[in-house]
Amino acid sequence: MRARAAGRRSSGRSIGLVPTMGALHAGHGALLERGRAGSDYLVASIFVNPLQFDRRDDFEAYGRNLAADVEFCSAHGVDAVFAPAVEELYPAPQQTFVEVGGVSARLEGQFRPGHFRGVATVVSKLFHIVSPDRAWFGEKDAQQLAVIGRMVKDLNLAVEIVPVATVRERDGLALSSRNRRLSADERAAAPLLHRALCAVRQAIEAGSTDPTEAVAPALGMLRGEPRFRVEYLEVVDPAAMAPVGRITGRVLIAAAAWLGETRLIDNVGAG
Ligand code: PAF
């Protein structure tokens, strides 16, 4: 991969990277389309990264279908798919990790210990191997985007991070590889998470400046659906990814909730 990328670079072509864990869907399609338009040589990586899973069962249940993913990539004009085996990327137990401080502490960082250390470490490995000029990440994983952005800034990495808007089903559910695990009943209930986030946004846009007050009706909506178990629903500063005491400017409303055995996350902006 490194030799190929170096070859393209020496002939003056820009290199783009869309890092994925496979199980590709239209959300990844949007990243690939942006990547295709924004680079001469587009690489998609497919790697289910064991380092970022806090639960073994989640790692094992993660969808894997390399043939279908490669086809998806080629239909989106990808030039190279980089799909290393776990032993290739981690030939020996990793002793070096990338730990991004403050911005990874709350929300996902609080409920999935070690998750962002795994993400930052693998993304930094991918950046070193592919040496992209640009890389595209989805806003659905807003905190991941903030963590990667901070890592790039703090470590002076020569890559531009480009955010891509969340792709949603018609009923508002954010596309995610994990949606495939929902039963028909759970799938029918799932859009409630996005509706709850929109209710918080509405409260803020109607003038609410107290985050506790703004989220209260939305929490009530989610608690009214017994299959949902909310982990967090917070109004946060989009750069710091930490809860705000008072809503005075642009904020992000972020939530994570279990629906049966599936964990969903989503967010919307407001203000
Ligand atoms: O968002 C993902 O799919 C993963 O966290 C990423 C960025 C590919 C790193 O494994």
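Below, all heavy atoms of this structure are taken into account, side chains as well, without hydrogens, waters or symmetry copies. Atoms within each ligand, like the ligands themselves, are counted from 1 in listed order.
A single hydrophobic cluster is seen to contain both Leu197 and Leu222, as judged by linkage of ILVMFWY side chains at heavy-atom distances under 4.5 Å, directly or through other members.
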Verdict with supporting geometry, Tyr62 and Ser177, side-chain contact (heavy atoms from CB on, under 4.5 Å): CA-CA 8 Å; Tyr62 208 87; Ser177 308; 3.5 Å; yes
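Asp79 pairs with exactly one of Arg4, Arg8, Arg36 by the side-chain hydrogen bond (donor to acceptor under 3.5 Å, both in side chains) rule, that one being Arg36.
Between Tyr232 and Phe111, the two ring planes are tilted [angle within 30° to 60°].
Listed by number with element, the atoms of ligand 1 under 4.0 Å from a non-hydrogen atom of Thr20 are 8 (C). Interface of Pro19 with ligand 1, defined as ligand atoms under 4.0 Å from a residue heavy atom, comprises 8 (C). Of all atoms in ligand 1, listed by their number and element, those nearer than 4.0 Å to a heavy atom of Val122 are 9 (C), 10 (O).
Looking at ligand 1, you'll find an N or O of Gln52 within less than 3.5 Å of one of its N or O atoms. Polar contact check, Gln144 against ligand 1: a nitrogen or oxygen pair lies under 3.5 Å apart.
Atom CD of residue Glu186 and atom CG of residue Asn179 lie 11.0 Å apart, to the nearest 0.5 angstrom.
Of all protein heavy atoms, the one lying nearest to atom 3 (O) of ligand 1 is Met21 CG, 3.6 Å.
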